[in-house]
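Sequence lines set the chain letters: A, B, ... in the order given, protein chains first and strands last, and positions in each chain run from 1.
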There are 2 protein chains.
Amino acid sequence: MADKAQIQEAIKTQGEVVRKLKSEKASKEQIDEEVAKLLQLKAQLGGDEGKHAFVLKTAKGTRDYNPKQMAIREKVFNIIISCFKRHGAETIDTPVFELKETLTGKYGEDSKLIYDLKDQGGELLSLRYDLTVPFARYLAMNKITNIKRYHIAKVYRRDNPAMTRGRYREFYQCDFDIAGQYDAMIPDAECLKIVYEILSELELGDFRIKVNDRRILDGMFAVCGVPDEKFRTICSTVDKLDKMAWEDVKKEMVNEKGLSEEIADRIGEYVSMQGGKDLAERLLQDPKLSQSKQACAGLTDMKQLFSYLELFQVTDKVVFDLSLARGLDYYTGVIYEAVLSQTVPAPVPTPTEQNGADEAGVSVGSVAGGGRYDGLVGMFDPKGRKVPCVGVSIGIERIFSIMEQKAELSSEKVRTTETQVLVASAQKNLLEERLKLTTELWNAGIKAEVLYKKNPKLLSQLQHCEETGIPLVAILGEQELKDGVVKLRNVASREEVDVPRADLVDEVKKRTL
Amino acid sequence: MADKAQIQEAIKTQGEVVRKLKSEKASKEQIDEEVAKLLQLKAQLGGDEGKHAFVLKTAKGTRDYNPKQMAIREKVFNIIISCFKRHGAETIDTPVFELKETLTGKYGEDSKLIYDLKDQGGELLSLRYDLTVPFARYLAMNKITNIKRYHIAKVYRRDNPAMTRGRYREFYQCDFDIAGQYDAMIPDAECLKIVYEILSELELGDFRIKVNDRRILDGMFAVCGVPDEKFRTICSTVDKLDKMAWEDVKKEMVNEKGLSEEIADRIGEYVSMQGGKDLAERLLQDPKLSQSKQACAGLTDMKQLFSYLELFQVTDKVVFDLSLARGLDYYTGVIYEAVLSQTVPAPVPTPTEQNGADEAGVSVGSVAGGGRYDGLVGMFDPKGRKVPCVGVSIGIERIFSIMEQKAELSSEKVRTTETQVLVASAQKNLLEERLKLTTELWNAGIKAEVLYKKNPKLLSQLQHCEETGIPLVAILGEQELKDGVVKLRNVASREEVDVPRADLVDEVKKRTL
């Protein structure tokens with residue numbers, strides 16, 4: 001425990017910070033964060049001073065899902081899981097944390113974003129950063145040489161959150177991977193087919209799937225004259241072409257990465273190329289690029305890939321794009337990324353999120369990505385045995401954001417329960433009868449609710465149905481009990497009909513199919 | 001980084017530890033753990049010495065779920081979620097970590113088992129220990145005063161793992177809670193109804209649901225003469241009655257907790273009592289216990305609870321048991337716990353897990369538990385506003401363990417995919433035709449697979465079906481292509497029939513309903 005005087009001193013200093021930010025009209029996010037720190041300090045004091053200073057928030061970059069958001073999440077997951085199952089995938093799960101060393105050396109520069117657990121004695125642990133490295137660890141540990149599996153789970157990155165755009169520190173990944181030694185490009189093509197199916201079924205508007213190959217990129221760098229040791233860093237500069245103009249990318253290559261203008265311009269020519277199978281064929285004839293064995297291998301596979309994509313009927317959305325260069329270290333062959341064409345109606349951006357751009361909408365950017373990583377499992381295998389893998393990850397948080405915004409704009413109400421019928425009464429002292437009837441319905445598998453009040457008003461029972469979208473009310477009264485019937489009311493039409501008690505279950509089923 | 005010589009020294013010491021344990025024939029678990037530490041040290045050295053010393057394991061107390069386990073997990077979740085939905089529950093989700101102070105002071109002695117995250121700058125965070133405290137935080141933060149929700153997610157406890165009994169450091173909780181100001185005992189009774197339904201539908205054999213009330217326990221302690229400040233600690237001793245004989249519990253009360261023999265014996269009389277509504281009525285007449293206002297309030301509610309349980313048709317499994325005393329600090333009223341009656345066939349226990357007992361099977365203990373916690377939300381509300389809550393948590397890991405053991409013993413094969421048909425060929429050079437047909441099936445919503453080989457043997461295609469339980473094979477050959485048909489083979493009966501290509505989708509649907 002820190003000394004009380006020390007804490008009081010810290011509170012004073014932190015108070016100044018908050019006042020300063022407020023006077024400078026800093027962003028709400030920034031101020032909130034500093035206020036939270038202040039309250040945390042006050043809470044440490046305890047006693048009267050700390051009593052009402054409890055910080056009521058979720059951790060930075062994380063959020064709760066309320067029932068409405070969960071209903072949307074379930075809908076999206078169902079579409080995705082159905083697709084994965086349609087393609088014959090099994091599913092696995094791994095722990096949320098791994099031994100720290102399992103993650104070490106797999107993510108390049110991004111490793112600094114990994115959450116570590118506190119050393120409380122025992123093993124050193126880290127929260128998983130993606131699902132791919134745990135998958136490779138799982139394969140090596142269980143000596144599995146072929147599997148087609150999906151894995152949907154949360155991953156953790158200490159990144160700068162931009163929550164209105166669906167960028168969080170805790171977020172879902174939906175991964176589908178095929179591991180095994182197979183004939184070239186068949187599993188790769190299936191991954192792209194899956195992205196195509198999922199994005200189509202989610203009805204997110206038009207999209208494009210960009211495809212490239214690590215070997216083509218590397219071959220291109222080689223023939224342009226980039227020194228070997230600069231491949232990776234130039235690759236990450238090329239990766240910025242989706243956000244920056246060529247002029248700026250070139251400047252970074254020349255001024256920061258030390259390439260000559262000439263080499264940069266040669267790269268510039270290649271990375272402006274887009275096409276399909278035809279482009280792969282043309283580049284195989286390219287006098288420079290065809291000098292690189294690597295590039296030729298990549299281009300030959302690209303041709304093959306497109307011929308399978310034609311059979312899968314997805315070439316209308318797939319583009320061979322030489323500017324695509326995904327960041328992660330572990331890719332070895334084909335890489336791809338799906339982007340939505342339209343922008344999404346923007347929520348008001350916070351000042352820290354504004355990029356000085358005058359965009360009318362938010363470009364959500366990549367909503368799926370993946371590629372081939374033939375070396376990763378070998379990094380875990382004691383004997384270095386390789387298991388070729390290719391996979392795709394669906395960027396589900398961005399998709400949630402879009403779906404939530406669509407739901408907000410739509411007039412249709414999102415139901416958060418599936419209740420078919422509310423058991424109600426207009427008269428007093430019928431709680432026992434309501435509970436008895438509810439039990440009958442539950443025992444018959446009907447989704448039923450009853451208000452937890454001894455004598456609720458009929459109006460409040462009907463209001464509960466209106467608010468939560470329950471379509472039917474089963475109303476009990478002295479007369480109905482005497483007659484052995486239940487009054488079944490349709491909430492929307494207000495139409496009522498007496499149903500013999502013995503027929504109620506069937507009647508409810510019939511009306512709520 | 002530690003100095004190389006230091007690491008080498010540590011390796012030497014750790015090597016001795018492992019040798020010693022092996023010579024003492026320590027448990028496999030213990031040895032594995034020390035070997036893992038040794039390998040971790042070796043890995044730190046890097047270079048040749050560390051090269052093959054990679055530790056390939058999951059963190060202590062955690063496990064992967066393989067596809068078979070996932071299939072069982074899905075089945076169990078479906079039963080539980082259906083039940084929650086039948087009772088009109090919504091669902092929410094909260095982040096896996098919370099601000100550390102959100103969890104502080106909620107779990108009593110168990111707080112030492114909380115996983116903290118490393119301080120990497122910013123907020124101090126901890127992994128959630130249960131779903132109840134995050135739920136209370138969620139209610140207070142969003143000013144929600146009534147909700148019926150379920151939440152299924154993993155929680156984290158740095159406990160001593162006993163994995164063969166389903167005790168892990170990362171494990172699922174399935175929580176159902178009702179928050180809101182309602183008439184007494186109606187939501188409480190529904191929680192018990194839910195436990196009853198779930199345990200019945202999971203077919204885990206006979207079970208009992210023990211019920212008690214914090215107020216009855218406290219009243220009982222008071223009239224027996226336990227000093228106020230010893231209520232909680234005596235409560236946790238009483239809690240051991242399901243594992244220890246009364247004589248030992250009494251010893252702990254007298255020798256460790258400092259009660260007089262006389263007081264302990266008075267407690268002993270009460271905690272041996274079990275019954276139903278009748279017992280509650282009898283105790284309301286008990287000359288001593290009826291002196292306690294608290295106890296009377298608890299007993300009156302208990303009577304009421306049993307009358308609702310009768311209407312819910314679940315009294316055959318519910319027992320009012322005065323020895324039930326759940327550990328957690330936050331309970332304020334009714335508490336309950338479900339136990340399975342039978343023991344489960346035991347896996348061979350590791351030496352560290354043996355309690356010197358000669359049990360033939362593993363008693364899995366509590367599989368569900370919960371109670372009323374009317375004060376917890378108020379701890380988070382800045383103005384201390386209370387939201388009464390009652391809930392139940394299903395101990396799903398123990399249930400998984402039992403279901404997995406049942407699956408092991410059963411001859412029925414667990415399918416891990418849902419594939420309806422494999423598209424195959426007996427002849428060479430038909431990959432393109434296979435892919436084309438598979439695309440037709442996928443596009444029609446059929447779950448279909450195709451082997452990723454250019455020219456797979458028919459036998460290996462049929463074997464894949466046998467192994468994974470795919471019921472149908474659609475076989476293409478030159479003749480079939482010419483005739484515009486597909487040979488549809490039933491894998492189990494080996495019966496084959498030619499189906500016109502246009503009818504294939506309907507035929508597959510019909511045969512795999």
Side-chain angles (χ1 to χ4, degrees), chain A residues 40 43 52 54-56 58-60 62 64-67 70 85-86 88-99 101 115-118 120 122-123 125 137-138 140-141 149 154 158 170 182-183 186-187 308 311-313 380 382 416-419 432 435-436 439 442 447 449 452-454, chain B residues 43 52 54-60 62 64-67 70 85-86 88-99 101 115-118 120 122-123 125 137-138 140-141 149 154 158 170 182-183 186-187 308 311-313 380 382 416-419 432 435-436 439 442 447 449 452-454:
Chain A
Q40 267 183 313
H52 299 311
F54 202 89
V55 187
L56 213 48
T58 59
K60 184 177 174 183
T62 69
D64 297 317
Y65 286 83
N66 65 33
M70 287 299 279
K85 287 188 172 174
R86 192 161 59 241
E90 311 179 286
T91 185
I92 67 160
D93 195 15
T94 64
V96 82
F97 44 68
E98 295 276 344
L99 297 188
E101 59 176 355
Y115 277 97
D116 291 329
L117 269 73
K118 191 167 150 185
Q120 296 171 289
E123 301 159 335
L125 306 172
R137 191 266 305 147
Y138 173 82
M141 188 171 136
R149 80 89 182 82
K154 288 175 178 175
R158 295 179 53 253
E170 172 186 62
Y182 298 117
D183 282 326
I186 314 177
Y308 294 142
L311 295 167
F312 285 158
Q313 302 172 12
F380 289 104
T416 59
T417 68
E418 297 178 7
T419 309
E432 300 211 342
L435 295 183
K436 226 191 264 179
T439 304
W442 283 336
K447 293 168 193 149
E449 280 183 67
Y452 306 124
K453 296 275 180 188
K454 282 192 172 158
Chain B
H52 299 312
F54 201 90
V55 186
L56 214 48
K57 68 185 285 291
T58 60
K60 182 178 174 183
T62 69
D64 297 317
Y65 285 82
N66 65 33
M70 287 298 279
K85 286 188 172 172
R86 193 160 58 239
E90 312 179 285
T91 185
I92 68 162
D93 196 15
T94 64
V96 81
F97 44 67
E98 295 277 342
L99 298 188
E101 58 176 357
Y115 276 98
D116 291 329
L117 268 72
K118 191 167 150 185
Q120 294 170 290
E123 301 159 335
L125 306 173
R137 192 265 307 147
Y138 173 82
M141 189 172 136
R149 80 89 183 81
K154 288 175 178 175
R158 295 180 54 254
E170 173 188 60
Y182 298 118
D183 283 325
I186 315 176
Y308 294 143
L311 296 168
F312 285 160
Q313 302 173 12
F380 288 104
T416 58
T417 68
E418 297 177 8
T419 309
E432 301 212 342
L435 295 184
K436 225 191 266 180
T439 304
W442 283 335
K447 294 169 193 147
E449 279 182 66
Y452 306 123
K453 296 274 180 189
K454 282 192 171 157

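The candidate with the highest count of non-hydrogen atom pairs below 4.5 Å against chain B, out of A:Tyr65, A:Tyr452, A:Tyr182, is A:Tyr452. No other option in A:Trp442, A:Tyr138, A:Tyr115 has as many heavy-atom pairs under 4.5 Å with chain B as A:Trp442. Highest contact tally toward chain B, considering only A:Leu99, A:Ile92, A:Thr94, is held by A:Ile92 [criterion: heavy-atom pairs under 4.5 Å]. Ranked by heavy-atom pairs under 4.5 Å with chain A, the first of B:Glu449, B:Glu90, B:Lys436 is B:Glu90.
Shortest non-hydrogen contact noted between B:Lys454 and A:Tyr308 is CE-OH, 3.8 Å. Residues A:Phe97 and B:Thr62 share a closest heavy-atom pair of CE1-CG2, 3.5 Å. Among all heavy-atom pairs drawn from A:Gly88 and B:Thr419, the shortest one is CA-OG1, 3.3 Å.
Taking 4.5 Å as the limit, every side-chain heavy atom of A:Pro67 sits out of range of all side-chain heavy atoms of B:Thr91. Residues B:Glu123 and A:Val55 form no side-chain contact, since every pair of their non-hydrogen atoms from C-beta on lies 4.5 Å or further apart. The side-chain heavy atoms of A:Leu117 and B:Arg158, taken from C-beta on, include no pair separated by under 4.5 Å. Taking 4.5 Å as the limit, some side-chain heavy atom of B:Arg137 sits within range of a side-chain heavy atom of A:Thr58.
When heavy atoms are compared at a cutoff of 4.5 Å, B:Lys154 approaches chain A solely by way of its side chain, counted from C-beta outward. Contact of B:Ala89 with chain A is made through the backbone alone, with heavy-atom distances under 4.5 Å. Interface remark: A:Glu170 contributes side-chain atoms only to the contact with chain B (heavy atom separation under 4.5 Å). Interface remark: B:Leu435 contributes backbone and side-chain atoms alike to the contact with chain A (heavy atom separation under 4.5 Å).
By the salt bridge (Lys or Arg N to Asp or Glu O under 4.0 Å) test, A:Lys447 is found to be paired with A:Glu418, residues two or more places apart in sequence or in another chain being considered. For A:Glu432, there are no salt bridge (Lys or Arg N to Asp or Glu O under 4.0 Å) partners two or more places apart in sequence or in a different chain.
Remark: the backbone N or O of A:Thr439 is not paired with any side-chain donor or acceptor of B:Gln313 at under 3.5 angstrom. The closest donor-acceptor contact from the side chain of B:Asp116 to the backbone of A:Lys118 lies at 3.5 Å or more, if one exists at all.
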